[in-house]
**Q** 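I'd like to ask you about the structure that follows.
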Amino acid sequence: MQALSLPVPSLVICELLGVPYADHDYFQSRTTVAVRRTSSSEDRRRALGELRAYMDDLITRKETEPGDDLFSRQIARQRQEGTLDHAGLVSLAFLLLTAGHETTANMISLGVLGLLNHPEQLALITADPGKTPMAVEELLRYFAIADMVAARVATEDVQIGGVSIKAGEGVIVSSLSANWDPSVFKNPAELDVDRGARHHLAFGFGPHQCLGQNLARMELQIVFDTLFRRIPTLRLATPVEELPFKTDAVIYGAYELPVTW
């Protein structure tokens with residue numbers, strides 16, 4: 001996590017957004033507190049407040065000292081259109097920075113774990129890197145680390161899976177459970193990089209799809225191809241059952257993934 005999984009997406013999102021990478025410890029530590037379910041309300045409120053204050057200062061600096069990054073271009077465009085929205089840009093910065101590293105970092109570690117734990121699947125992509133994009137989709141389906149579903153209200157009477165839902169009733173659906181639906185994915189508990197699982201819901205669905213999904217896909221593909229090409233004898237240094245998993249966090253992953261070669 002510390003040597004590879006967090007630095008990769010953090011470096012990428014910092015470069016895109018024009019955030020000094022030297023500040024990564026600051027925003028990563030606050031993000032960890034914010035997504036940990038065991039954090040107290042006060043600690044979570046403080047962490048989110050500090051993150052938002054950091055973003056506010058960042059956007060303020062870019063309004064006077066623009067660079068070659070996404071937010072500087074947004075500021076220039078909004079000024080040209082006469083629609084400069086400082087608060088809106090702060091909220092956008094908050095979303096992109098926090099979501100742009102925590103999720104991908106956890107998927108990198110879990111993806112490496114999944115492939116090392118299924119050497120026959122790893123052998124398929126090392127023999128043919130053209131299969132890595134399919135492997136990325138299958139790993140996203142298999143682990144499905146975040147389920148940020150919102151509550152819904154039925155607009156009409158409907159029956160789903162033998163359950164009657166009446167108009168006006170509230171519904172909460174685990175979209176990620178759909179990734180293990182045997183009627184859609186044959187033998188869903190098996191990791192199969194040849195499955196062709198692009199229709200998974202790991203990035204959400206419809207208007208609620210993750211806007212950074214293609215960036216995440218690219219990062220995962222590059223990491224897996226590069227890592228296993230450069231260290232072909234990579235293996236786990238700790239048994240899977242002894243790994244510290246993030247069962248106390250909103251975004252699932254591993255706190256650490258010791259490896260050797």
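Predicted, not measured: the structure shown is a model, and the values here were computed from it. All heavy atoms count here, side chains included; hydrogens, waters and symmetry mates do not.
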**Q** Could you please spell out the steps behind the side chain to side chain contact (heavy atoms under 4.5 Å, CB included) verdict for Val153 and Val171?
**A** CA-CA 6 Å; Val153 176; Val171 180; over 6 Å; no
**Q** Checking side-chain contact (heavy atoms from CB on, under 4.5 Å) against Phe27, which of Glu50, His101, Glu102 comes through?
**A**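 By the side-chain contact (heavy atoms from CB on, under 4.5 Å) criterion, Phe27 pairs with just one of Glu50, His101, Glu102: His101.
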**Q** Is there a side-chain contact between Leu48 and Phe94 in this structure, where contact means two heavy atoms from C-beta onward sitting under 4.5 Å apart?
**A**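 They are in side-chain contact.
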**Q** Do Thr31 and Leu51 touch side chain to side chain, with heavy atoms closer than 4.5 Å?
**A**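 In short, these two side chains touch, coming nearer than 4.5 Å.
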**Q** Could you give me the CA-CA distance, side-chain angles and deciding distance for Asp85 and Gln78, then say whether side chain to side chain contact (heavy atoms under 4.5 Å, CB included) is met?
**A** CA-CA 8 Å; Asp85 180 4; Gln78 289 187 10; 3.9 Å; yes
**Q** Going by heavy atoms in the side chains, are Leu140 and Asn179 under 4.5 Å from each other?
**A**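 No, every pair of side-chain atoms sits at 4.5 Å or beyond.
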**Q** Scan side-chain atoms only and decide if Thr60 and Asp57 contain a donor-acceptor pair under the 3.5 Å cut-off.
**A**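 Asp57 and Thr60 do not have a side-chain donor-acceptor pair below 3.5 Å.
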**Q** State whether a side-chain donor-acceptor pair under 3.5 Å links Thr132 with Gln221.
**A**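 Side chains of Thr132 and Gln221: no pair found under 3.5 Å.
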**Q** So, His86 versus Glu63: side-chain donor-acceptor pair below 3.5 Å or not?
**A**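 Result is yes, a qualifying pair exists.
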**Q** Are any non-hydrogen side-chain atoms of Pro133 and Glu137 less than 4.5 angstrom apart?
**A**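 The answer is no; the side chains never approach within 4.5 Å.
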**Q** Examine distances only and state if a side-chain atom of Asp157 and a backbone atom of Ala167 form a donor-acceptor pair shorter than 3.5 Å.
**A**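 Checking the backbone N and O of Ala167 against the side chain of Asp157, a donor-acceptor pair under 3.5 Å is found.
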**Q** Exactly one of Ile145, Thr32, Asn106 should register a side-chain contact (heavy atoms from CB on, under 4.5 Å) with Lys246. Which one does?
**A**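 With Lys246 as partner, Ile145, Thr32, Asn106 yield a single side-chain contact (heavy atoms from CB on, under 4.5 Å), made by Asn106.
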**Q** Do Val19 and Leu70 share a hydrophobic cluster, counting only Ile, Leu, Val, Met, Phe, Trp and Tyr and linking them when any side-chain heavy atoms are less than 4.5 Å apart?
**A**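 Cluster IDs for Val19 and Leu70 match.
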**Q** With a 4.0 Å cut-off on N to O distance, would you call Asp68 and Arg73 a salt bridge?
**A**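 A salt bridge is present here (some side-chain N lies under 4.0 Å from a carboxylate O).
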**Q** According to a hydrophobic-cluster definition based on side-chain heavy atoms being under 4.5 Å apart (Ile, Leu, Val, Met, Phe, Trp, Tyr only), do Val8 and Leu227 belong together?
**A**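 Yes; Leu227 is reachable from Val8 via cluster members.
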**Q** With sequence neighbours left out, write down each residue that passes ring-ring contact (aromatic ring centres under 6.0 Å, His included) with Tyr255, or none if nothing qualifies.
**A**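 Partners of Tyr255 by the ring-ring contact (aromatic ring centres under 6.0 Å, His included) criterion come out as none, since no residue qualifies.
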**Q** Salt-bridge test for Arg52 and Asp56: reply yes if a basic N is under 4.0 Å from a carboxylate O, no otherwise.
**A**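 A salt bridge is absent here (no side-chain N lies under 4.0 Å from a carboxylate O).
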**Q** Taking the six-membered ring of Phe185, is NZ or CZ of Arg141 closer than 6.0 Å to its centre and within 45° of its axis?
**A**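 Yes, a cation-pi geometry holds between Arg141 and Phe185.
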**Q** Inspect the surroundings of CD in Gln80 and state if more than 12 heavy atoms from other residues, nucleotides or ligands are less than 6.0 Å away.
**A**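 No.
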**Q** Side-chain contact, heavy-atom cut-off 4.5 Å: Val193 with Val136?
**A**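 Heavy-atom side-chain distance check fails, nothing below 4.5 Å.
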**Q** What is the distance from atom CG of Leu92 to atom CG of Leu96, rounded to the nearest 0.5 Å?
**A**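 One gets 4.5 Å once the value is rounded to the nearest 0.5 Å.
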**Q** Classify the ring geometry of His200 against Phe203: parallel below 30°, tilted from 30° to 60°, perpendicular beyond 60°.
**A**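 Answer is tilted, since the angle falls between 30° and 60°.
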**Q** Quick one, Glu138 and Asp192 - any side-chain contact, counting heavy atoms below 4.5 Å?
**A**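 Yes. Closest side-chain heavy atoms under 4.5 Å.
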**Q** Do the numbers put Arg30 on top of the ring of Tyr26, so that NZ or CZ is under 6.0 Å from the six-membered ring centre and no more than 45° off the axis?
**A**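 Pair Arg30/Tyr26 counts as cation-pi.
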**Q** Any side-chain donor paired with an acceptor under 3.5 Å for Gln213 and Arg217?
**A**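 Note: Gln213 and Arg217 side chains meet the donor-acceptor criterion.
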**Q** Between Arg46 and Asp43, does at least one N-O distance fall below 4.0 Å, as a salt bridge requires?
**A**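 A salt bridge is present here (some side-chain N lies under 4.0 Å from a carboxylate O).
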**Q** Do the side chains of Leu6 and Leu113 join up, straight or via other hydrophobic residues, at under 4.5 Å, putting them in one cluster?
**A**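 Different clusters: Leu6 never reaches Leu113 through Ile, Leu, Val, Met, Phe, Trp or Tyr contacts under 4.5 Å.
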**Q** So do Thr260 and Thr233 actually touch side chain to side chain, heavy atoms under 4.5 Å?
**A**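 No, too far: nothing below the 4.5 Å cut-off.
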**Q** Could you label the plane-to-plane angle of the Phe245 and Tyr252 rings as parallel, tilted or perpendicular, counting under 30° as parallel and over 60° as perpendicular?
**A**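 Parallel.
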**Q** Can you label the angle between the His118 ring and the Tyr142 ring as parallel, tilted or perpendicular, going by 30° and 60°?
**A**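 Rings of His118 and Tyr142: perpendicular, over 60°.
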**Q** Taking the side chain as C-beta and beyond, is there a heavy-atom pair between Leu257 and Thr238 under 4.5 Å?
**A**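 Not touching, per the 4.5 Å side-chain cut-off.
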